[in-house]
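Below: the structure, in structure tokens.
Computed over heavy atoms, backbone and side chain alike; hydrogens, waters and symmetry mates excluded. Each chain gets a letter, A, B and so on, in the order the sequences are listed, and its residues count up from 1.
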There are 2 protein chains.
Amino acid sequence: MNVTLRQLRIFTGVYRTRSITRAARELGITQSAASLLIQQLEAQLGVKLFDRSTRSVQPTLAADEAFAAAERMLSDAQGLSRRMRDLAQARAGRVVFLASAGTASALLPMVLAKFRTGHPDIEIDMRDVAADDLVPRLSTTDAEFAIGSVEGEFADMTIETLTSGRLSAIGRRTADFAARRSLTWDELVQLPTIAMRSETRIRMQIDQALSAQGKRLDPTYEVTLINTALAMTAQGLGLAILPATMLPADQFPTLIARPLVRPALTRPVSLLQRQGRTLSPAAQAFVATARMVLAGRTAPASG
Amino acid sequence: MNVTLRQLRIFTGVYRTRSITRAARELGITQSAASLLIQQLEAQLGVKLFDRSTRSVQPTLAADEAFAAAERMLSDAQGLSRRMRDLAQARAGRVVFLASAGTASALLPMVLAKFRTGHPDIEIDMRDVAADDLVPRLSTTDAEFAIGSVEGEFADMTIETLTSGRLSAIGRRTADFAARRSLTWDELVQLPTIAMRSETRIRMQIDQALSAQGKRLDPTYEVTLINTALAMTAQGLGLAILPATMLPADQFPTLIARPLVRPALTRPVSLLQRQGRTLSPAAQAFVATARMVLAGRTAPASG
DNA sequence: ATCAATTCATGAGATTTCTCTATGAATGTC
DNA sequence: GACATTCATAGAGAAATCTCATGAATTGAT
């Protein structure tokens, strides 16, 4: 057999209290059990640890040395337990995940803010990545999950839609615009529009869908960053063509979104995970927060 | 229950080999036992440590952290075992002991030399002390034993005579002197003599014994250090009056000792130990060496 | 597609280990 | 000298741990 932490625990107790009886009481075992544990430890280490008589328990020199080592191991053990408990309760740890550029800039900041209030000590490593890279990167890096607009099926991946936004026209809350329930893509032709540059995934989805119907978006402005589009819209330069989910209400209180129809397009925001890999508790907590925050933003099934 | 080293041992094995079966084999237990231990550890830490399927055993992030801590504890445990084994076998450690000034200078150097050849890594802390202080110091300091000329009984102390030297006249190996079997104290009066100063224990013993018989030593020279007396003798300044044990043959090859009689006096060299306190293995080894080396020097019972 | 092989999980039973109670021996106290 | 305290030990019972047998999932080969 081998040295056990149990033996070390009683050993340090005896060492400190200079009494088997007292140490046993501390640990909640009987004196005889403690006596036996000490004898075992001595046998396993091959060293006398205490000179004991019925009246006194004197540590030997070897015990002095052993004590230091034992204390260290026990505090390591306690540290390990505590650390693991913190991890389990998502009170500590680190969340490494991938986010597509659009999601990272427009949608995740509010998730991050919410998460931080509940889990202030968890480190977050959000890596923004081109949407096409989400799946390959997730397979190869240490990221635990990915959030972004991904459609289709992938081997060894599970996909869960967190929210999906209808492609919308976003504009200032004018009486005119607010009165509309929706707009058609055709109507946009007559209006100044701000769309994402055609290299972006959002724009590609739009162009594909429209061209299938023989239509075409011809924006007044083309930008790279979602925030730029929104800021320009807030300035009255035109209507931003974006998924409704991408509009942070608190940041742009003057703007409202109206769905675009004919065709109605939706853009999902999905959570990707590697199959058969549990998320760390911290990641689970983060995902839960994301679900909660984003669920409130899902567009109704139709409208 | 609590985390055990056993669990950590199998945990690190599984972590390294990525296989419960292989780790179990390494530890010499069955796969099912290993599987169980991992489950226990997970339960106790409250964290999933491996994502396991029948085909793969993937450590989680928590496992990465736990592994480092576990490795540390295990290597501490091994270090402890090894260190204790070294101590037990007197391959390491430290011997702290007291020696009376005379013993320390004349008798112990050869013990130390012998001991060092057999136990090169053991540290020695020899504290030389006035003979009267041996007992009180042994009770209060961390010295494990004491060597010196002590007679009588002491509470809580055991005394063992290691060697005893007859009080002798030490002189150069002249034909005249070598022919003598012994000398009487009375004969000394006509010879030049070198004795220890009257504050020393050796001298006090002599003076007491002689005065009981109405005699008296009247030395030509009085010195403090035994070595001084011997060096002077070697120069032919006179006969040194010392216990025969105090003559290191290798250091003074020209000198020989002849016992003094009427009265014949002996001076023991004793080992003092605290009762009920085991010596450390290193100290035991040292004491064994001392017994061995000094036994060869004990004067025959009479002659 | 089927079959064999590998690997992990689980349940039952056996074994080992642990712990407790009871008791004895030693030692210091009043 | 009686008493109280403390450690050691023996025996019984409880708890744990291990092994064996088996099942389920997955991979690779035929």
Nucleotide of C:dT19, D:dC20, C:dA22 approaching A:Ser32 most closely (side-chain heavy atoms): C:dA22

Geometric class of the A:Tyr15/A:Phe11 ring pair [parallel <30°, tilted 30-60°, perpendicular >60°]: tilted

Using nucleotides 23-27 of chain C, report all nitrogen or oxygen pairs with the protein that are shorter than 3.5 Å.
from	atom 1	to	atom 2	distance (Å)
C:dA26	N3	A:Thr54	OG1	3.1
C:dT27	O4'	A:Thr54	OG1	3.1

Any pair counted as side chain to side chain donor-acceptor pair (under 3.5 Å), so long as it reaches residues 80-90 of chain B, sequence neighbours left out: A:Glu65-B:Arg83, B:Asp86-B:Arg91, B:Gln89-B:Arg91

Partner residues of B:Arg72 under the side-chain hydrogen bond (donor to acceptor under 3.5 Å, both in side chains) criterion, sequence neighbours left out: A:Asp76

Residue pairs fulfilling salt bridge (charged side-chain N to carboxylate O under 4.0 Å, His left out) with at least one residue in residues 14-32 of chain A, sequence neighbours excluded: A:Arg16-A:Glu71

Pair A:Gln44-A:Gln7, side-chain donor/acceptor within less than 3.5 Å: yes

Sugar-phosphate, base or nothing in reach of A:Ala33, heavy atoms under 4.0 Å: sugar-phosphate

Test: B:Arg127 and B:Asp142 ion pair at under 4.0 Å: yes

Close approaches to DNA chain C from residues 22-30 of chain A, in residue order (heavy atom, under 4.0 Å): A:Gly28, A:Ile29, A:Thr30

Residue met sooner reading DNA chain C from 5', once A:Leu36 and B:Thr21 are mapped to nucleotides: B:Thr21

Divergence of helical axes at both termini of the helix from C:dA1-D:dT30 to C:dC30-D:dG1 - five pairs an end, 10° steps: 20°

Pair A:Arg274 + A:Glu144: basic N to acidic O under 4.0 Å: no

Sugar-phosphate only, base, or nothing, as touched by B:Ser56 at under 4.0 Å among non-hydrogen atoms: nothing

Nearest-0.5 Å distance that lies between atom NZ in A:Lys48 and atom CG in B:Leu279: 11.0 Å

Closest listed nucleotide, where the reference is the side chain of B:Ile20 and the choices are D:dA8, C:dA9, D:dT17: C:dA9

